[in-house]
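For reference, the structure is listed below as structure tokens.
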Number of protein chains: 2
Amino acid sequence: MPNMKDTIKTVAIDLFYKKSYFASGISDIARLAGIQKSSIYYHYSNKEDILFDILNTTMLDLNSSLNQRLEGLKTAEEKIQAAIESHILFHIERQKEVIIADSELRGLSIENYKTITKMRDDYEGKFQKILKKGIDDGSFIKTDYKIISYGILTMCTAVCLWFDQKGRLSKDEIARIYKGFLINGLKKSHRSNSRHQE
Amino acid sequence: MPNMKDTIKTVAIDLFYKKSYFASGISDIARLAGIQKSSIYYHYSNKEDILFDILNTTMLDLNSSLNQRLEGLKTAEEKIQAAIESHILFHIERQKEVIIADSELRGLSIENYKTITKMRDDYEGKFQKILKKGIDDGSFIKTDYKIISYGILTMCTAVCLWFDQKGRLSKDEIARIYKGFLINGLKKSHRSNSRHQE
DNA sequence: GTCTATAGATGGATAGAC
DNA sequence: GTCTATCCATCTATAGAC
């Protein structure tokens, strides 16, 4: 039994995803929510407020998903695998919201913009910390960890753009393939390993 | 000496990049181009026509950049390196346009949408063909070449989102780092190589 | 090829009744 | 908490003079 504020938020997510924020009108939201457009303003102070609510919730949830998934893990390799998996699964499960988060930041006021990008930067920082540790302790190849963090994150973020619920592969299979590829790219060529056979 | 149509296109690229397509008005474009808004309609039949012109040119140029760069190359490894480099450099050199191309497809009519996505799919197909060849001939690890093509392409596409002209690294350095990382991820662990020392 | 003028619709937002 | 009614700004696009 969702209250009206949740209903408004849900239809707004749908609209912003399908038509973009600026192409969606308050009247569109009201029509889909089944109320008059003036009633929107009882729940939200203006249009941007709806957008901010969506982005804020999304970033908070993204961040706590990562924190939960990392709990108790020790090595950089374990951690980066868990972080990659968490990021991919979130970007599939919350497809519409993360697409909005990735494309509608221009709809925010300067202040709100800073709030959201700060959360995003903190989140990225956690990936960078893991990568740096793995490079420093010799688990990963020597590379520019900042640039590679952008690479990994944007590659896994973009899954939300092409993932198809009815497609050939499940979200878990995609996470597995990406993890394998990325870990292979991060690790050295194992020539120093004791194993000499596959 | 640009003509007025080019001027309109240039300021539209700037506006659509900064404010998004739907948040940009014909009056904004006219003001920046230094003419009255009605004069826009002498050069373009409507607002969408401007967007389509931008996207069409961008896709044509992206595609021909790739074709030129691939000319004469033989092996899958040579080809994928060249393709990655071409893709990254284009996404830095034409930053504004590719950001529009990646976020404003919803502004197109069904017909125009099909035209642009067809060009994008053909372009992606070239990457997939190279990857498949490399997997089949044993140069690359056995993996899902379609999924990995999305990974490589979206990772290199997203460079346009974070690249900073005044930043620490040049576009060539970024291309080199990404190429190294991706090739390392695509190739086997060399355990069968004759070299046993770094 | 660019102008002035304007049509006609829709945008976000507010006032005040219930 | 939702409604009706309305304000005013802005939007895309067109007509017709120069």
Side-chain angles (χ1 to χ4, degrees), chain A residues 1-57 100 103-113 115-116, chain B residues 1-56 100 103-113 116:
Chain A
M1 41 194 57
N3 59 23
M4 183 49 74
K5 188 163 184 174
D6 286 339
T7 304
I8 291 168
K9 193 172 174 178
T10 304
V11 304
I13 289 170
D14 229 64
L15 272 169
F16 296 170
Y17 163 72
K18 280 185 196 142
K19 305 196 353 177
S20 91
Y21 172 68
F22 287 109
S24 305
I26 290 287
S27 11
D28 297 324
I29 298 172
R31 194 176 351 97
L32 288 177
I35 51 171
Q36 294 301 310
K37 59 180 177 176
S38 58
S39 305
I40 303 273
Y41 293 90
Y42 176 79
H43 302 280
Y44 288 100
S45 62
N46 52 41
K47 191 184 167 189
E48 189 203 329
D49 198 20
I50 306 177
L51 177 63
F52 180 73
D53 188 18
I54 295 170
L55 300 184
N56 191 237
T57 309
I100 297 167
S103 55
E104 303 294 4
L105 291 183
R106 287 169 297 186
L108 296 175
S109 67
I110 297 175
E111 202 178 342
N112 283 338
Y113 180 85
T115 305
I116 300 296
Chain B
M1 44 194 58
N3 58 24
M4 183 48 74
K5 187 162 185 176
D6 286 338
T7 303
I8 292 167
K9 194 172 173 178
T10 304
V11 303
I13 289 171
D14 230 63
L15 272 168
F16 295 170
Y17 163 72
K18 281 186 196 140
K19 306 196 352 176
S20 91
Y21 172 68
F22 288 108
S24 306
I26 291 287
S27 13
D28 297 325
I29 299 172
R31 192 175 355 93
L32 288 177
I35 52 172
Q36 295 301 309
K37 58 183 175 176
S38 58
S39 305
I40 303 273
Y41 293 91
Y42 175 80
H43 301 281
Y44 288 101
S45 62
N46 52 42
K47 190 184 167 189
E48 189 202 329
D49 198 19
I50 306 176
L51 178 62
F52 179 73
D53 188 17
I54 294 169
L55 300 183
N56 191 237
I100 297 167
S103 54
E104 303 295 5
L105 289 183
R106 287 169 297 186
L108 296 174
S109 68
I110 298 175
E111 201 177 344
N112 283 338
Y113 180 85
I116 300 296

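- One atom, OH of B:Tyr44, and another, P of D:dT12, lie 16 Å apart when rounded to the nearest Å.
- For B:Ser27 and D:dC11, the shortest distance from a side-chain N or O to OP1 or OP2 is below 4.0 Å.
- Residues A:Leu55 and A:Thr115 have side chains not in contact (no heavy-atom distance under 4.5 Å, counting atoms from C-beta outward).
- Protein atom CZ of A:Arg31 is 18 Å distant from nucleotide atom C1' of D:dC3, rounded to whole Å.
- Residues satisfying the salt bridge (charged side-chain N to carboxylate O under 4.0 Å, His left out) test with B:Lys37, not counting sequence neighbours, are none.
- The main-chain N or O of A:Val11 is never found under 3.5 Å from a side-chain atom of A:Asp14 such that the two would form a donor-acceptor pair.
- In this structure a side-chain-to-backbone donor-acceptor pair under 3.5 Å is present from B:Thr7 to B:Asn3.
- Residue B:Ser39 places none of its side-chain N or O atoms closer than 4.0 Å to OP1 or OP2 of C:dG1.
- In the region residues 15-24 of chain A, proximity to DNA chain D at under 4.0 angstrom, judged on heavy atoms, holds for none of the residues.
- As rounded to whole Å, 15 Å separates atom C1' of D:dT12 from atom CD1 of B:Ile8.
- Here the CG atom belonging to B:Leu51 is positioned 10.0 Å from the OG atom belonging to B:Ser109, to the nearest 0.5 angstrom.
- Rounded to an integer number of Å, the gap from B:Ile40 CD1 to C:dC3 C1' is 13 Å.
- Partners of A:Thr10 by side-chain contact (heavy atoms from CB on, under 4.5 Å), not counting sequence neighbours: none found.
- Regarding contacts with the backbone of D:dG1, a side-chain N or O of A:Tyr42 is found under 4.0 angstrom from either OP1 or OP2.
- For B:Gln36, the listed nucleotide lying nearest its side chain is C:dC3; candidates were D:dC11, C:dC3, D:dC3.
- For residues 2-11 of chain A, every residue pair satisfying the salt bridge (charged side-chain N to carboxylate O under 4.0 Å, His left out) rule, not counting sequence neighbours, is listed here: A:Lys9-A:Asp53.
- Not one N or O on the side chain of A:Ser20 forms a donor-acceptor pair closer than 3.5 Å with the backbone of A:Phe16.
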At a cut-off of 3.5 Å, list every protein nitrogen or oxygen paired with a nitrogen or oxygen from nucleotides 13-16 of chain D, distance to 0.1 Å.
from: D:dA13; atom 1: OP2; to: B:Tyr41; atom 2: OH; distance (Å): 3.2
from: D:dA13; atom 1: OP2; to: B:Lys47; atom 2: N; distance (Å): 3.0

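- For residues 39-49 of chain A, the set of pairs meeting the salt bridge (charged side-chain N to carboxylate O under 4.0 Å, His left out) definition, not counting sequence neighbours, is empty.
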